[in-house]
Undergrad: 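One structure coming up, written as structure tokens, with questions to follow.
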Amino acid sequence: MAATEALNLDRPSKAPVRPAMAAEMPSLIGLSREDMGTALVEIGLPQKQVKMRVSQLWHWLYVRGVSDFDHMTNVSKDMREMLKKHFTIARPEIVEEQISTDGTRKWLLRFPPRGAGRPVEIETVYIPEEGRGTLCISSQVGCTLTCSFCHTGTQKLVRNLTAEEILAQLLLARDRLGDFPDRDTPAGAIVPAEGRKVSNVVMMGMGEPLYNFENVKTALLIATDGDGLSLSKRRVTLSTSGIVPEIHRTGAELGVMLAISLHAVRDDLRDMLVPINKKYPLKDLLDACRAYPGLSNARRITFEYVMLEGVNDSLEDAKELVRLLRGIPAKINLIPFNPWPGTNYQCSSWEHIEKFADFINAAGYASPIRTPRGRDILAACGQLKSESERMRKVDRMAFEAMMIANHGED
């Protein structure tokens, strides 16, 4: 890709055609070591070879990043043929790749049918920053939560993504950015100057990850496995609207950083903005946050707070926010809202946002105001919506609430 195209693109770019994941053939991607071993035994591999073969495959899939069995050069030809006959390791199809002028990349990915279903599409976003690159991963096709300010929530839930499909988003991004050994970064791409191109992952794409806990858990445990993709758990953030029963499990079983989509300090208002609050009200949510395993000043919870004019942006709201979070090591991300057609909300004035932030900062909480990223390609938080379920582009100027900055360890 030419440097001028990568830096100044103002229209979608069609990515090169890539082989789609096989619709029927099972994938080895997303299997735990134990499940991979079981799958190999079921196709006839002698039990005594299982440990060695799983180790080989793990290395090729997650260290070398191959997507073709023929590239596994230390695996015998007969073994490679057997693997090709029974399994796939292909990446999803890239329907569209868009590149923002600020370097943000958004991929529209298509996954094959599952059972009697149909192909589905999701969006994945990469945001380069100074010293890090953050990938925003989807966990569901659509969403059930219908948060009143979120455009993604207007797409009905189609299904959960599998562990393979969640993990495939990370593998594909690393492919496209040259983040595996012996791969080249595209000419002109904006990426961190040193280290990994994808250093941080946030589960903040389409869907509520805690409504797909088991698949998200499997994918993230593989992503943080020290002998494979080896992401630091302190650089992985899971964002939830407040599925209280799964919050403790997230800390105990995954050990990743936690972000809460809060947006209101009163139950009556949060019931409207984030309807799951009717089931898990603020007291229950904040009690679960206080009990989050591993919580400390070094492992703070991030609270997301979208700034809505005349709705949740008063000084009284700021005071109540500080009161509610007392005793919780926390950071508050303030998200300016940009109206989209059909919404009843407006963005708070910059003066209001700064006063709100100043009060929270004075109370001892970091409260960064997010910087717009990827707004020219509709890659901002709450904008992700798969093509098959999308409104006409002229009608989908969703809010530009700033994307995924300031999550996880630098």
Undergrad: Centre of Tyr126's six-membered ring, under 6.0 Å away, within 45 degrees of the axis: is that where NZ or CZ of Arg105 sits?
TA: no
Undergrad: Between Asp358 and Lys355, is there a donor-acceptor pair closer than 3.5 Å when you use the side chain of the first and the backbone of the second?
TA: no
Undergrad: Looking only at heavy atoms, what is the nearest atom pair of Ser139 and Val216, with distance?
TA: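 Result for this residue pair: CB-CG2, 3.9 Å.
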Undergrad: So, for Leu40 and Arg53, which heavy atoms are closest and what is the spacing to 0.1 Å?
TA: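 Closest heavy-atom pair between Leu40 and Arg53: CD1-CB, 4.1 Å.
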Undergrad: To the nearest 0.5 Å, what is the distance between CG on Leu321 and CG on Leu262?
TA: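 Leu321 atom CG to Leu262 atom CG measures 6.5 Å (nearest 0.5 Å).
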Undergrad: Give a yes or no answer on whether the side chain of Arg183 reaches the backbone of Gly65 with a donor-acceptor pair at less than 3.5 Å.
TA: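 Indeed, once roles are kept as given, a pair shorter than 3.5 Å links the two residues.
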Undergrad: Between Phe356 and Tyr305, does the ring centroid distance fall short of 6.0 Å?
TA: yes
Undergrad: Donor-acceptor check, side chain of Asn212 to backbone of Gln140, threshold 3.5 angstrom: yes or no?
TA: no
Undergrad: Donor-acceptor pair, distance only, cut-off 3.5 Å: does the side chain of Asp313 make one with the backbone of Gly310?
TA: yes
Undergrad: So, are Asp68 and Lys84 salt-bridged, with charged N and O less than 4.0 Å apart?
TA: no
Undergrad: Check for a donor-acceptor pair, side chain of Arg132 on one end and backbone N or O of Ser199 on the other, with a separation under 3.5 Å.
TA: no
Undergrad: Do NZ/NE/NH1/NH2 and the carboxylate oxygens of Glu165 and Arg159 come within less than 4.0 Å?
TA: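 Salt bridge between Glu165 and Arg159, a charged N being under 4.0 Å from a carboxylate O: yes.
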Undergrad: Hey, does the side chain of Arg234 reach the backbone of Ala298 with a donor-acceptor pair shorter than 3.5 angstrom?
TA: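 Flag set: sc Arg234 to bb Ala298 pair under 3.5 Å.
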Undergrad: Treating Asp284 as the side-chain partner and Tyr280 as the backbone partner, does any N or O pair qualify as donor plus acceptor under 3.5 Å?
TA: no
Undergrad: Can you list everything that forms a ring-ring contact (aromatic ring centres under 6.0 Å, His included) with Tyr62? Sequence neighbours excluded, please.
TA: Trp58
Undergrad: Do Ser138 side-chain atoms and Gly205 backbone N/O form a donor-acceptor pair below 3.5 Å?
TA: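 Flag not set: sc Ser138 to bb Gly205 has no pair under 3.5 Å.
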